[in-house]
Amino acid sequence: MALQTIKWGILGPGWISSKFAADLAYAEGAELVAVGGRNLEKAESFAKRFNIPRAYGSVEELAQDAEIDIVYVGTLHPIHKENVLALLRAGKAVICEKPFTMNAAEAKEIIDVAREKQVFLMEAMWTRFLPPILKVKEWLAADKIGEVRLVKADFGFDIGWAPESRLLDPALGGGALLDAGIYPVSFASLIYGTAPAKIMSSARLGQTGVDEQFSLLFEYEGGRTAALNGAVQLGMVSDAYIYGTKGYIHVPNFLFGKSATLHAKDAEPESFVDDRKAEGYAFEAEEAMKALREGRLESSAIPLDETLAIMNTLDTIRKQWGLRYPADE
């Protein structure tokens, strides 16, 4: 029996949206019907590249396309809130790229509107839906490494000195925490299932005023911890480790999640390798479509309350550094 076709729109014809569009071809029952952006010419070029029937020069036009069931938002961080609100108020389901918003206040505002309008909304944290990460959750649920006591996760890269880049521009939500740090922070949230009770942090704030690298230490009930690092001016090995009382799990390059290895005490290592052809964005699309077909308003894999809790954690960290964005004013 064929799946009900879900018709997609994309807002923001940039790099991350191109990744999503290419992967959507691997998601069963998905049809990409429209793309929109602030620049019609760019939207038309994107549409031509991916054989998308319609292109629009504004979020308002995209939101009024009656054929669209759900929209992927891949715009710049500071305009996520206004973009998502426009779509939700038009009755469109939305998955919004990370970081969900600039701060927790913005996140709460759009979550409240989604719930009021009874429209599906999800943070597009694609790593959560990758098969190796699902295998990690399966191992943990089966108590393969006992009680988790320590999570280590890093994600860092070096863009060089590029003050004109959005990654170093405070007006565009630049800095390592929101762009890179969201991955290890969300990973720790996934593993522990709760927000940290105590947060300690340190950051290097660069010439443009944003964090170029950071280190975080989260403490949870019972002395469990997470040690997380990120950077946009420092090349790092971006692996994750989960240490338990009966062994540990290693996820190489965890946010791209191609494999995971279980090292349980007194047992041979057990590896899971994913040979997917797609990069991995199709899985979050399939999760959203499954929710729509079932009439659910959010994903159980990344509930809106967890997304809000993560944004509160990021706010707390930035407050420790004295790092504020225009959206915080």
Side-chain angles (χ1 to χ4, degrees), residues 98-100 123 125-156 177 180-202 214-231 236-274 280 283-284 287 299-314 316-317 320:
K98 58 81 200 165
F100 196 60
E123 179 184 358
M125 178 49 72
W126 71 298
T127 296
R128 291 244 171 155
F129 306 99
L130 299 178
I133 302 301
L134 299 182
K135 175 57 72 171
V136 168
K137 290 178 65 179
E138 185 183 306
W139 285 333
L140 293 174
D143 197 40
K144 295 287 188 179
I145 64 167
E147 181 191 359
V148 175
R149 297 279 182 85
L150 170 63
V151 172
K152 292 179 66 180
D154 301 331
F155 177 40
L177 183 66
I182 183 70
Y183 287 104
V185 170
S186 185
F187 188 79
S189 181
L190 170 69
I191 302 306
Y192 282 127
T194 186
K198 185 177 181 181
I199 298 170
M200 291 156 280
S201 69
S202 178
F214 66 81
S215 294
L216 313 173
L217 179 62
F218 292 173
E219 185 178 311
Y220 300 82
E221 184 181 350
R224 298 170 298 156
T225 57
L228 316 170
N229 300 279
M236 299 173 67
V237 176
S238 299
D239 288 7
Y241 292 87
I242 307 162
Y243 293 98
T245 53
K246 298 193 297 187
Y248 72 95
I249 296 168
H250 175 211
V251 188
N253 209 12
F254 79 97
L255 67 153
F256 300 103
K258 291 290 184 73
S259 67
T261 302
L262 168 68
H263 299 265
K265 283 182 181 177
D266 304 320
E268 289 295 313
E270 178 184 342
S271 292
F272 175 89
V273 179
D274 183 18
F283 300 116
E284 64 182 0
E287 166 71 10
S299 166
S300 58
I302 183 158
L304 294 174
D305 285 346
E306 184 182 4
T307 289
L308 181 58
I310 289 170
M311 291 309 306
N312 271 308
T313 294
L314 299 180
T316 299
I317 294 164
Q320 291 180 358

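Heavy-atom basis, side chains included; hydrogens, waters and symmetry copies ignored. Since this is a predicted model, take the numbers as computed values, not measurements.
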Angle class for the Y192/Y220 ring planes (parallel below 30°, perpendicular above 60°, tilted otherwise)? tilted
pair F254-P132: side-chain heavy atoms closer than 4.5 Å: no
Does E219 have any side-chain hydrogen bond (donor to acceptor under 3.5 Å, both in side chains) partners at least two apart in sequence or in another chain, and if so, which? none
Got a donor-acceptor contact below 3.5 angstrom from the D239 side chain to the N253 backbone? yes
With sequence neighbours excluded, what pairs up with K246 under the salt bridge (charged side-chain N to carboxylate O under 4.0 Å, His left out) test? D143
Among R128, E287, E123, find the one that has a side-chain hydrogen bond (donor to acceptor under 3.5 Å, both in side chains) with S299. E287
Please examine the side chains of K137 and L190, heavy atoms only from C-beta on, and report whether any two atoms are closer than 4.5 Å. yes
Taking the inter-plane angle between the rings of H250 and Y241 on a 0 to 90° scale, is it parallel (under 30°), tilted (30 to 60°) or perpendicular (over 60°)? parallel
Has K265 got a side-chain atom pairing as donor or acceptor with T245's backbone, closer than 3.5 angstrom? yes
Shortest non-hydrogen separation from I242 to I145 and the atoms involved: O-CD1, 3.6 Å
Can you check whether F129 reaches E284 side chain to side chain, under 4.5 Å on heavy atoms? yes
Nearest heavy atoms of V151 and L228, plus distance in Å: O-CD2, 4.5 Å
Could you report the tightest heavy-atom contact between P131 and F283, atom names first, then the distance? CD-CE1, 3.5 Å
Which heavy atom of L255 sits nearest to which heavy atom of W126, and what is that distance? O-CZ2, 3.5 Å
Do K144 and I249 have side chains that get closer than 4.5 Å, going by heavy atoms? no
May I ask you to decide if N229's main-chain N or O and D154's side chain share a donor-acceptor pair within less than 3.5 Å? yes
Donor-acceptor pair, side chain of T313 and main chain of A309, under 3.5 angstrom: yes
